[in-house]
Every structure is written in C-alpha cells, then in structure tokens.
Amino acid sequence: MPQLTTLFQSMPYGPAPESADAAEAWLDAHEREFDLFINNTWTAPAEGSYLTVSNPARGETLAQAADATAADIDAAVLAARSAYQSWSALSPHQRAGHLYAIARNLQKHARLLAVVESLDNGKPIRESRDIDVPLAARHFYYHAGWAQLMASELRDYQSLGVVGQVIPWNFPLLMLAWKIAPALATGNTVVIKPAPYTPLSALLFAEIIAEAGLPPGVVNIITGGDEAGAALVAHQDLDKVAFTGSTAVGRVIRGATAGSGIKMTLELGGKSPFVVFDDADLDGAIEGLVDAIFFNQGQVCCAGSRLLAQENIADEFLARLKRRMARLRLGDALDKGIDIGAVIDPVQYEMIDRWVQRGISEGADVYQPDCDLPANGCFYPPTLLSNLEAAAAVAQEEIFGPVLVAMSFRTPSEAVELANNTRYGLAASVWSENISLALETARQIKAGSVWINSGNLFDAASGFGGYRESGYGREGGKEGLFAYLRPRWMTRARPQLGEPPSDWGAHTPPAPAKLGVEPSASTGLDRTAKFYIGGAQARPDGNYTRQVISPSGARVGQVGDGNRKDARNAVEAAHKAKNWAYYSPHNRAQILFYIAENLSARAEEFAGRIAAMTETPLDAARSEVAASIDRLFHWAAFADKSGGAVQETTLRGLVVALHEPLGVIGIACPDEAPLLAFLSLVAPAISRGNTVVCIPSPRYPLSATDLYQVFDTSDLPAGVVNIITGDRDHLVKTLVEHDDVDGLWYFGDAEGARQVEARSIHNIKRTWVSYGVKRDWLDPEQGAGAEFLHESIQVKNIWTPTGA
Ligand code: NAD
C-alpha cells in the first residue's frame, strides 16, 4: 500500500471505467445479430451473409451485422422511393416535428449511444460522450429549424428525391447525423450505408428513429462492406449520392456516377496545417495541437497533422510538445481518464506503422514517448516526425493515425506557401496573438475551415467541407442545404447514354462552308476573329479557322480554331490574373456596370450580329441584348452583396463564413442565346472574383468575340476573361484535365457532361453540367438564379474565439 505522501507526489490515475452493461444488454437483446433496417423493419439480408463487428480496444467480437447485396439495396431504395411521396408532401412544420423528435430521442439515449460508439470504434468515452453524441443531437435540432423554415427561406427550391449516403468509421454516429439531418430537413428520403467496422451506433439510431415515430422508409440503414457501398452508389434510382471517406474511393464514386444526372457531394481526406507564429501563446498552442492530432487517435479527416512552427520558436515548441506527449495516457475506450484509445483495426495499425517507417526512411527524426500501452488491442503511440522536407511523402499524404509531421518556416508568406503546399484543403489552425496576422493567414490558406487559436471546432450552423482534393459540398450551415435541393423550376435530368466513345474530345475538323453562299448581307463582315488571351488578341496556335455559318447556310464570319496549346495558354493567363479575387467588390461591380454600359452603346450592332448568325428576328435579337445588359447589372449588383455571413454557432466568438472564389473556372457555353448565355455564365463567375477561360457557342461564337473591344474599353484587367473559339469538346477536354483549372461548367450535350464529370476526378475538380438539358436563358430564375452564385463560390468558415 503506497504511502499517502508518495501518492500525492506521483498523483497516479486510477481506473475510471464507464459501465458497458447497458450496451452489452442492448447487444444481447438483439442476440448480437443485426439485420437490415428497411421500412422501419429488421429485414434479413437476401443472401444471408453477416460481417463480424469487433471492439478494437479489446479485440473481442461484439456482434454480427448483415452484409447487404444488390437485392437488399434495391429493396431499400424502393422503400425510400415509396416513402418519398408522402415525406416530401408533409408540411415544413410536420417535418420539423420529426427532426425535433429525433434530436430529443438522441439526447434521451445519449449515454447508451456513447458507450456503443466507444465499444465499436475504440474512441475514448470522453470524446463520444462530450463530442460525438451531443454534436449529432445538435445537428438534428439545427436542421429541425431548417425544415420549419423551408417554405419561407428556401422557397425557390425543392427536394431531390432519394439520397444514397456512404460514411466512414471514424465518427460513425456524427457522420450519419451530418448526412441524414439535412437530407430529411429538405424533404428527401435516405438509404445510408455505415462503414463495415462501425455499424452499431447506426443500428441503435435505427431503433431510436422508429421510437421517435419517423414514418417507415424515410431512413433505411444498410450495413455491409465496400461492395455494398459500390452497389448503393451505382443504383440508378437515386437522385443524389453523398459520400464521406477517402479521396481514393471518392474518385471511384465520381467515376461511377458520371453523366447519370445524380447530384453528388464528396467529403474526403486532408493533411491540414497547424501554423504556430512566434508570438503565439505556446502553451495554448501545445494543448490545441495535442487535440488537433491525437483526438480520435488522429483518425480525423481534418486532423492538424502538419505542424508548421516559426523557426525562432520551433525547437522550444517541439521540446514542450514532447514533454506533453510523454504525459498522454493510452487505454481502454471506456476508461474516462485516458487521452488516446485504440485505432480502428490491426489493418489500420499496420498502415500507420508503415507510414512511420517510410518517414524514417525519408530521414525523419522520430519521437514516440515511452508510454504504457495496453497488452491487447490496437494501440499506436503518439508519434512525432520532424526534420523533414516539405515534399516528403509523410508530409504530403494523409496517414490517418496519431502521427504528427513537423516543419518550420521563417516568414508569414512562407507559412502560407507551406500550408497550401498540399493537394488537400479541408482545414487549418493558425496560432498568433496578432489578430491581423492570424486573420490574413486564415484568408490566404486554401481550406474549408480555419480555426484561429483553436482547433477541431464543429457546429451544425457552420458548414464543413473541403477545397481541392478534400472534396466539394458542405455539411452544416445554410450552405450545406443546397447539396440536397434543386431549383424549383428544374426537373431531374435523366440522360440516355450509350457506350462512351473512345475518341471523345478528339479534334473535329471545321465543316466547309456551302459553295456559292456569300457572306451575310446584314453584316457584310468576313474577317477572322482571333482569341482573347491575357487581355490581348491572339492568333490560333495551329493557324486554322472555322467558318461561322447561319442556319440557312450563309457564311457570317470566321473564328480561330483553338487547340490544346491555346487552351493551356488561356489557363496560364487566367492564373496570372488571380489577383482579381483581391480587387475590392466595389471595383468588380464598377467594371461589370461599365461592361454593361459599353455593350448598351453598341446594342444595335450586337443585335444585328445575333440576327445574322442565328437568323432569329431582329426584335428577338434586340431582346437578347437587352437581357444581357440586365444580367450584367444583376451580377454587378451581386459583386458586393454576397460576401458571406456570421454563423450562429455554439462558440462564444465569431464564426465568419466567407464566400471565396473557386479560382480559375473553365466555361463551355451552349449554342442557344449565344450572347446572353455567354454573359449569364461569365458575369457571375467574375463578379465573385474568379477568372475564366470561356469557350463560346461553337456554332455562333461571334457575339462573344465581338465583346473583346467592350472588355478592353471597360477596364477589365487582362486575363480575367479569356476566350477561345473552336471545337467545344476538344477544348473542354484540355480544361477538365488541367490541374490548374479549379472548376468546370459545361453546357453542352449529355455525353460531354459524362466526360466532364468522369475526367474531373484526378484533381476532384468541381463541375457543373447541364446533361444536355437546355434552359431558358431569358428567364431570370433559369438564367440568373441563386444557383449561379453557389457555383461561383466556395464557403470558408473562419472560427475566432473571443473573450478577454
Ligand atoms: P473509405 O473511403 O475506405 O470508406 C468509406 C466508406 O466507403 C465505407 O463505408 C466503405 O465501405 C465505403 N466504400 C469503400 N469502397 C467503396 C466504393 N467503391 N463505392 C462505394 N462505397 C465504398 O474511408 P474510411 O477508411 O472508412 O475513412 C477514412 C477516410 O474518410 C479518410 O480519408 C478521412 O479523411 C475521410 N473522412 C472525411 C471526412 C470529411 O468530412 N471530409 C470525415 C471523416 C472521414
């Protein structure tokens, strides 16, 4: 028996176990075997197969869960489809009532959910009890509010239909809540597949929603392996797929749904920077960092896995960090006194260890404290890899374990450069007592969430999601709702596609003009319009031209026939002009107004050109020009009226949602309304600070090429708008495959839409395609609705705790 004085000196932790009795009893009540939850009924899997679910901390089997196959998924989608009719027809208040009941029932069963989650996942009970479960309940409360407000706040939108959702194992209940709550609030029904390692909290959730009175078929829970996930996302009767998981699987899913007309959001991996300036509160930053990288055993998509410490404090910071790491306690998930639990599975353990060995082979110094590891279970020690090059694989790739990579920087601009030296863009932490420096750094880092002097803060009122290869779409906040809605006027595109052509995007030679037909009498023009690149007119690299021919066969003019090199030159020019994003909104508005004014001075000439090219009556052409001027005014107006919002989260402090531009957007215009469609697409993009490479209507490009002088005389900076004429799909192929193009808007045919979506996967480019469905560009909703604004921006949430 140790002396009291010795105990006071060492202050050892005793065990503080949370009882697993209620969770064990719940498992026993199900005889430790779970079927599929379809139509609020436990349904045996068609092929009768089950997966083993085990406890990673103890290595013991917990239960068996059904392994769904395609027939089960058909049944679940059918159930969701039949439930959709009545669910979507409920009043907003009735749906709000259901979401509220779910939230209340989650709170009622909070302790059981937390224990089940920790048993299944290995995460410390402190985290599941204080973070995962309360945040899940909060998500349903928050979205109960949106359900209530649908009719007034989102009256121009409608639900999509049936949503297929696939989630990972690191936050099983929370990811489920992030997926299901916005889907239901907006009137959709759901089929969701939890990860094979961690289905239990989803199965308990199934019981909770049945108890809460959710109608049958509104939420269907399909357990199963990766094949079940693949079968779900390939189901043709879905209207939307929402995926959270690895970037590799995200790519596969984007490929599988390409061209289908199924809406898609991807929440993928990350390698988030944790930036510490020399004036930061270092002890605060150490605590923040421990939380950023060791929370949930580092199996967190937004883990602060790359420490960037300013050079003059880096040694001291690492020394303090090592001291802190040595005091971390690893142990059973149900022990309330532990900091780090078990990683999910031996497979994950080995993968983490392979990365650490790789770091060593790349020259890293490794620090692992000599902490007590439990004899059984998957416990990986907290690990620090330092002294590495920024290009080292361990500094670039997501490890998804308790492994921190440390580097240093000298100046704020070097910090930003290193922070952005990643293909991901999910989150970042910035530590400095200098608020201007911290905020400016936050603005410059390309990531969906930036936490100032804090980390890993989440709330339902603030959308979470990535830039670049971390995916697209947001979960939470008003911004997250749009993933589950479509404009009221729009119906779901169901493109009919054959086998994809092997030569899509190959250059098609220009069609020869009909012999004997003279240039259009109305304009008398027959000169070749060049490209518009970097604010100057440029000749086509290949020195070829295309005839512009009216419907009756008259030659109206000629334009350059662009090739890959022209497209790449235009992208380079658009990149050089990216400073446009930092022009004041007032400046951008002024320039758009000015373009409108200069177009209006030449309205008659533009109308004549449209009439000659398309052979529409002159009056209709005049209306198109007038609508184009109106549209320029519309987007000029929005240049300084959609900057973002202050999010009303649970944090005491300021959470600011910034509407940032995507960067460089490639735009392929339709043939209809050649001037109006061109300006309807270009104007919102540049109004919100993007630069563009635009391919005008291939058939009727001259209205766009006539704009060069209008742009020149309107103070539009060089490179903000670049125009290349020619074969649309040939040029689009280069743009979509170009790593430096951040978004691609395609208003061509259905096959082109499929190709654009399928080819966007290499850098997870955001795409917006029409699937060959034409819209009425004159209609203000179809030609200038809020959809255009959403497609022109990405939301960054900057979290700034306040308080004296
Ligand atoms: P994973 O991609 O291997 O699996 C995720 C889910 O997809 C599982 O349910 C799995 O069964 C399913 N799946 C696998 N192959 C599939 C396929 N071909 N088609 C359809 N479904 C398929 O990821 P994981 O290992 O479970 O989770 C870790 C990853 O999730 C990390 O990369 C992490 O960064 C990411 N993540 C991202 C976020 C976010 O919000 N951005 C949140 C949590 C986790």
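What's counted below: heavy atoms across the whole structure, side chains too, no hydrogens, waters or symmetry copies. This chain uses plain numbering: 1 for the first residue, then up along the sequence.
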Please confirm whether the backbone N or O of [Y] pairs with a side-chain atom of [X], one donor and one acceptor, at under 3.5 Å?
X      : Y      : answer
Glu414 : Arg410 : yes
Glu362 : Val394 : yes
Ser272 : Gly270 : no
His659 : Ser642 : yes
His575 : Val664 : no
Asp372 : Gly331 : no
Asp345 : Gln348 : no
Asn690 : Gly663 : yes
Asn170 : Gln299 : yes
Asp339 : Leu328 : no

Salt bridge (charged side-chain N to carboxylate O under 4.0 Å, His left out) between Glu398 and Lys271, worked out: CA-CA 5 Å; Glu398 184 182 48; Lys271 188 78 181 177; over 6 Å; no
Just wondering, more than 12 heavy atoms not from [X] lying within 6.0 Å of its [atom1]?
X      : atom1 : answer
Arg329 : CZ    : yes
Asn376 : CG    : no
Asp315 : CG    : no
Glu648 : CD    : no

Between Phe294 and Tyr380, ring centroids under 6.0 Å: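 No; Tyr380 has its ring centre 6.0 Å or more from that of Phe294.
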Is it true that [X] and [Y] have a side-chain N and a carboxylate O under 4.0 angstrom from each other?
X      : Y      : answer
Arg474 : Glu479 : no
Asp742 : Arg468 : no
Arg423 : Glu397 : yes
Lys446 : Glu660 : no

For [X] versus [Y], what's the shortest heavy-atom pair and its separation?
X      : Y      : result
Leu318 : Ser386 : CD1-CB, 4.1 Å
Leu426 : Gly465 : CD1-C, 3.5 Å
Thr383 : Gln368 : OG1-NE2, 2.9 Å
Pro199 : Pro196 : CD-O, 3.6 Å

About how many Å separate [atom2] of [Y] and [atom1] of [X], when rounded to the nearest 0.5 Å?
X      : Y      : atom1 : atom2 : answer
Leu173 : Leu135 : CG    : CG    : 10.0 Å
Thr441 : Leu308 : OG1   : CG    : 11.0 Å
Tyr472 : Ile764 : OH    : CD1   : 6.5 Å
Thr198 : Ile167 : OG1   : CD1   : 7.0 Å
Leu384 : Leu307 : CG    : CG    : 8.0 Å
Phe274 : Ile293 : CZ    : CD1   : 10.5 Å

Audit row: Tyr141, Gln107, side-chain hydrogen bond (donor to acceptor under 3.5 Å, both in side chains) steps and yes/no: CA-CA 11 Å; Tyr141 275 115; Gln107 286 182 317; 2.5 Å; yes
Ring-face cation of Lys322 near Tyr367 (centre distance under 6.0 Å, axis angle within 45°): yes
Lys123 NZ/CZ over Phe171 ring centroid, <6.0 Å and within 45° of normal: yes
Say whether [X] and [Y], considering side chains only, have a donor N or O and an acceptor N or O under 3.5 Å apart.
X      : Y      : result
Glu469 : Thr247 : no
Ser118 : Ser128 : yes
Ser432 : Asp279 : yes
Ser201 : Glu117 : yes
Thr244 : Lys179 : yes
Asp459 : Thr650 : yes

Full working for side-chain hydrogen bond (donor to acceptor under 3.5 Å, both in side chains) between Asn797 and Gln647: CA-CA 8 Å; Asn797 279 290; Gln647 309 274 39; 3.0 Å; yes
Steps toward side chain to side chain contact (heavy atoms under 4.5 Å, CB included) verdict (Leu439, Thr800): CA-CA 9 Å; Leu439 281 172; Thr800 316; 4.2 Å; yes
Step-by-step side chain to side chain contact (heavy atoms under 4.5 Å, CB included) determination, Val275 to Ile445: CA-CA 10 Å; Val275 183; Ile445 292 178; 4.3 Å; yes
Do [X] and [Y] touch side chain to side chain, with heavy atoms closer than 4.5 Å?
X      : Y      : value
Ile338 : Asp332 : no
Pro172 : Asp120 : no
Val115 : Arg129 : no
Phe379 : Ile340 : no

Leu200/Leu119 under side chain to side chain contact (heavy atoms under 4.5 Å, CB included): CA gap, chis, key distance, verdict: CA-CA 9 Å; Leu200 294 182; Leu119 280 178; 6.0 Å; no
Leu282/Arg320 under side chain to side chain contact (heavy atoms under 4.5 Å, CB included): CA gap, chis, key distance, verdict: CA-CA 9 Å; Leu282 294 193; Arg320 288 198 208 184; 3.6 Å; yes
Pair Asp739-Lys765, salt bridge (charged side-chain N to carboxylate O under 4.0 Å, His left out): steps then yes or no: CA-CA 8 Å; Asp739 271 340; Lys765 207 186 295 301; 5.6 Å; no
Which residues share a side chain to side chain donor-acceptor pair (under 3.5 Å) with Glu389, sequence neighbours left out: none
Ring pair (Phe, Tyr, Trp, His ring centres under 6.0 Å), paired with Phe277, selected from Phe317, Phe409, Trp431: Phe409
Ring geometry between [Y] and [X] (parallel below 30°, tilted from 30 to 60°, perpendicular above 60°):
X      : Y      : result
Trp178 : Phe464 : tilted
His143 : His139 : tilted
Trp169 : Phe400 : perpendicular

